[in-house]
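Index from 1, following the sequence. Keep in mind that what you see is a predicted model, and the values were worked out from it rather than measured.
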Amino acid sequence: DTGCGIYNMYGAKMRDSNWSRGGCGVLDGTLAVVRSSNIGVSRLIDEHYHNKPEKFIEGLKRVGIGAPLNLPFYGAANPHILSPDEKETYWSKTSLPWMSIGYNTQIPPISTVTFYNAIANNGRMVRPRFVKGISKNGEIVKEFPVEVIKEHICKDKTLKEIQGILKQVVNNKQFGTGKRAGSKHFSVSGKTGTAKVAGKGGYR
């Protein structure tokens, strides 16, 4: 139950993007993602992992979200996922719910792209490749083959389910939050997201 679009989560307010229009009400797991309900997703994750957040974090890493990409250029950052056993960080009751919708983590955009590419690539996660080969005088002198990070990020059944959900995000004409990314010419899947942007006097 996502209620009216604002939910009290351990003293902090979790909001859905449509809270000003009355929220989404009761949703199943699929519609929580299709409608991009922060409340729906965070309540689901909190219900199942509140007493064992390390299991949720292990799951993120198991599907490859936290995998270091070891990209061959200066300044490339590795993902960092908050953990309750880190001494230098503060873990509270709200850490897991907010992490479940993307906050409390530092995931470089290239890592997000790599993960979604794996979903599109039927579960096979490969390292981003910027150069296929180097040629000199028309001859290839060095090749950079595809490097597989994970052969399967999840079970085939899970993969088919999430592929179907991500397709609905764009193609569900009633509820899909990614409708503007759709095309008449080819199939599009995707996922919308939110971000907090620093501004005058705080975040928006």
Just how far is it from atom NZ of Lys173 to atom CD of Gln168, taken to the nearest 0.5 Å? 12.0 Å
State, yes or no, whether a side-chain contact exists between Asp85 and Glu54 at a heavy-atom distance under 4.5 Å. no
Only counting residues at least two apart or in another chain, list the ones meeting side chain to side chain contact (heavy atoms under 4.5 Å, CB included) with Lys157. Glu161
Spacing of Ile65 atom CD1 and Ile153 atom CD1 [to the nearest 0.5 Å]: 8.0 Å
Under 4.5 Å between any side-chain heavy atoms of Thr114 and Met125, yes or no? yes
Side chains of Tyr10 and Asp46: do they bring a donor and an acceptor to under 3.5 Å? yes
Just wondering, are more than 12 heavy atoms of other shown residues or ligands nearer than 6.0 Å to CD in Glu139? no
Side chain to side chain donor-acceptor pair (under 3.5 Å) filter on Thr177, not counting sequence neighbours, yields Thr192
Sub-6.0 Å ring centroid separation between Phe56 and His50: no
Quick one: sort the Phe73 and Phe130 rings into parallel, tilted or perpendicular, breaks at 30° and 60°. perpendicular
Between Arg129 and Glu147, is the closest basic N to carboxylate O distance under 4.0 Å? no
Any chance NZ of Lys167 has more than 12 other-residue heavy atoms, nucleotides or ligands included, within less than 6.0 Å? no
Minimal non-hydrogen separation, Leu82 against Tyr90, with atom names: CD2-O, 4.5 Å
